[in-house]
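The sequence lines fix the lettering, A, B, ..., with proteins before strands; numbering per chain opens at 1.
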Number of protein chains: 2
Amino acid sequence: MAAISGGKTYHHGDLRNALICAAVDLATDGGPERVVLREAARRVGVSPTAAYRHFDGRGELLRTVKILAQCRLADSMERAAAREPGADDPALAAERRLVALCRGYVGFAVDQPGLYRAAFCVPRPAEADEPAGGRVSPEPEIRAFTLLREALEGLAKVGGPRPDSRPAAGAAAWSAVHGLSLLLLDGPLRRLPAQRRDDVVESTLAMVVSGTRGL
Amino acid sequence: MAAISGGKTYHHGDLRNALICAAVDLATDGGPERVVLREAARRVGVSPTAAYRHFDGRGELLRTVKILAQCRLADSMERAAAREPGADDPALAAERRLVALCRGYVGFAVDQPGLYRAAFCVPRPAEADEPAGGRVSPEPEIRAFTLLREALEGLAKVGGPRPDSRPAAGAAAWSAVHGLSLLLLDGPLRRLPAQRRDDVVESTLAMVVSGTRGL
DNA sequence: TGCCCGATGTTGACCACATGAACATTCCAG
DNA sequence: CTGGAATGTTCATGTGGTCAACATCGGGCA
């Protein structure tokens, strides 16, 4: 087939990446379930089955998007923390950092609901599951969780959770912000007006800060 | 068509319910995405399009399952609370009740992951969304949330959250147990061995109890 | 009593998707 | 330069959602 003048050749050149971008776009507005192989291929201008040269199928494409979304979530948290002014009191600084990270977390969920959902979706067929060890967070260790745990460790030096319960404390904090995000996105808190939403967010963060202190 | 001896007649008689049961079964092992119209019809022994006489389509069938699942979740919470022994100290009793409810919540999620997910799924096309007022929990008010809020009110009489922040405190508590459940089900805490899982659950509950006290 | 209409099922058809097999085109290494 | 590995394409199959047209049942009314 002759290439259309100025158009693409038979070989795309960077199909894998192009598909990922298209898939991310799809996820961004529409969430993981709208990440559809055929549509991604269509957008890139390629036949559906071409994608199989680069992905095992829809599942793997989605898994790729998921990882990307997790990165962006962590980025959002770090940006929020970076914006936070420091404090002379290290205890206050540690607390502020934790809260800022959480705000960044929920903020990402609210601003990018599609991507946020994608970050926690379960692509089927699910990845082969080995029994796995006893870490609190197996997998390639999600950065968002690492950030929370480290922030809690910072807090620990000034009266936060005791060392042995710190992983669990991290999980508890994570649970709160994750649950909050989902309730705000698709859950029953979905249609809360912005004002009340902020109230709920602040209350939850207050619960996290004061609640993890005693662990 | 002649009815098979002893078999059904042309008219099923209770198709709507039969379809719901089949759909609940599907959700029970497989979650909301496996609630498939054709399969439900197949199991009931009826043609796929027959379902359209009783439901607007897959979306409405799923929505029905969702509501049912929410009920079962609340039931599980109430059962857990009922099993909890009372206490002379009303403060202790209130706290125990809250914790028991939360345990029932997470327990349901862990025991019935499919139904739990269904309880919080977002059937598409989504229900028509009016702007909605300012309640913390719009919708027909989910009983699970009501239970949590009431438990917090019980706690309030003995040093719990102040009245004006109680709805937000309820949402915060809910966030924690909801997030925890999801992280345990499909999230990064998925493969946690039972022992550690219990640790995390207890830590989270401790965070909720002590963290909502200060609101 | 008997018939007719509305409720309830059925068939057949169409469209979107995932996925596999067989075939075509490119590109690069030897 | 050339042959095989990469990378795309076309064709085909299976599953699901949904619509339109048709069939059957069952109960209420003339």
Student: Any salt bridge (Lys or Arg N to Asp or Glu O under 4.0 Å) involving residues 71-80 of chain A? Give me the pairs, sequence neighbours left out, ordered by first then second residue.
Tutor: A:D75-A:R143, A:E78-A:R143
Student: Rounding to an integer number of Å, can you tell me how far B:R34 CZ sits from D:dG17 P?
Tutor: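 To the nearest whole Å, that distance equals 14 Å.
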Student: What's the CG-P distance between B:L61 and D:dT18, to the nearest Å?
Tutor: 10 Å
Student: Base, sugar-phosphate or nothing for B:G59? Non-hydrogen atoms, less than 4.0 Å.
Tutor: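 If one applies the 4.0 Å heavy-atom cut-off, B:G59 turns out to touch nothing in the nucleic acid.
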Student: Check the distance between D:dT15's C1' and A:R124's CZ and give it to me in whole angstrom.
Tutor: 14 Å
Student: Please list, one pair per line, the donor and acceptor atoms closer than 3.5 Å that link side chains of residues 108-123 of chain A to other protein atoms, with sequence neighbours excluded.
Tutor:
residue: A:Y116; atom: OH; partner: A:Y105; partner atom: OH; Å: 3.0
residue: A:Y116; atom: OH; partner: A:H178; partner atom: ND1; Å: 2.6
residue: A:R117; atom: NE; partner: A:D186; partner atom: OD1; Å: 2.6
residue: A:R117; atom: NE; partner: A:D186; partner atom: OD2; Å: 3.3
residue: A:R117; atom: NH2; partner: A:D186; partner atom: OD1; Å: 2.7

Student: Under the salt bridge (Lys or Arg N to Asp or Glu O under 4.0 Å) rule, collect the residues that match up with B:R166, sequence neighbours excluded.
Tutor: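 B:R166 satisfies salt bridge (Lys or Arg N to Asp or Glu O under 4.0 Å) with no residue once adjacent residues are dropped.
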Student: Who passes salt bridge (Lys or Arg N to Asp or Glu O under 4.0 Å) against B:E150, sequence neighbours left out?
Tutor: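 Listed in chain order: nothing, the list is empty.
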Student: Are any of the side-chain heavy atoms of B:T64 and B:L19 separated by less than 4.5 Å?
Tutor: no
Student: How long is the line joining CD of A:E60 and P of C:dT19, in whole Å?
Tutor: 11 Å
Student: Identify every side-chain donor-acceptor pair in residues 28-41 of chain B under 3.5 Å, counting partners at least two apart or on other chains, and give the distances.
Tutor:
residue: B:T28; atom: OG1; partner: B:V24; partner atom: O; Å: 2.7
residue: B:E39; atom: OE1; partner: B:R42; partner atom: NH1; Å: 2.4
residue: B:E39; atom: OE2; partner: B:R43; partner atom: NE; Å: 2.9

Student: Residues from residues 20-31 of chain A sitting under 4.0 Å of DNA chain D, heavy atoms only?
Tutor: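 Contacting residues: none.
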Student: May I have the distance from A:H54 (atom NE2) to D:dA6 (atom P), rounded to whole angstrom?
Tutor: 12 Å
Student: How about B:R190 and B:L184: do any of their side-chain heavy atoms sit closer than 4.5 Å?
Tutor: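 No - every pair of side-chain heavy atoms lies 4.5 Å or more apart.
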Student: Taking atom C1' of D:dC11 as reference, at what distance in whole Å does atom OH of A:Y52 sit?
Tutor: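 Answer to the nearest Å: 15 Å.
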Student: Rounded to whole angstrom units, what separation is found between the CD atom of A:E33 and the C1' atom of C:dA18?
Tutor: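 Atom CD in A:E33 sits about 17 Å away from atom C1' in C:dA18.
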Student: List for me each residue that meets salt bridge (Lys or Arg N to Asp or Glu O under 4.0 Å) alongside A:E84, sequence neighbours excluded, and say none if there are none.
Tutor: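 Partners of A:E84 under the salt bridge (Lys or Arg N to Asp or Glu O under 4.0 Å) test: none.
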Student: Shorter than 3.5 Å, N or O on both sides, protein versus nucleotides 11-17 of chain C: list them out with atom names.
Tutor:
residue: C:dT11; atom: O4; partner: B:T49; partner atom: OG1; Å: 2.8
residue: C:dC17; atom: OP2; partner: A:R42; partner atom: NH2; Å: 2.7

Student: Using whole Å, report how far CG of A:D56 lies from P of C:dT19.
Tutor: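 Taking CG of A:D56 and P of C:dT19, I get 9 Å after rounding.
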Student: Return each pair, listed once, that meets salt bridge (Lys or Arg N to Asp or Glu O under 4.0 Å) where at least one residue sits in residues 17-26 of chain B; pairs must be two or more places apart or across chains.
Tutor: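 Found none.
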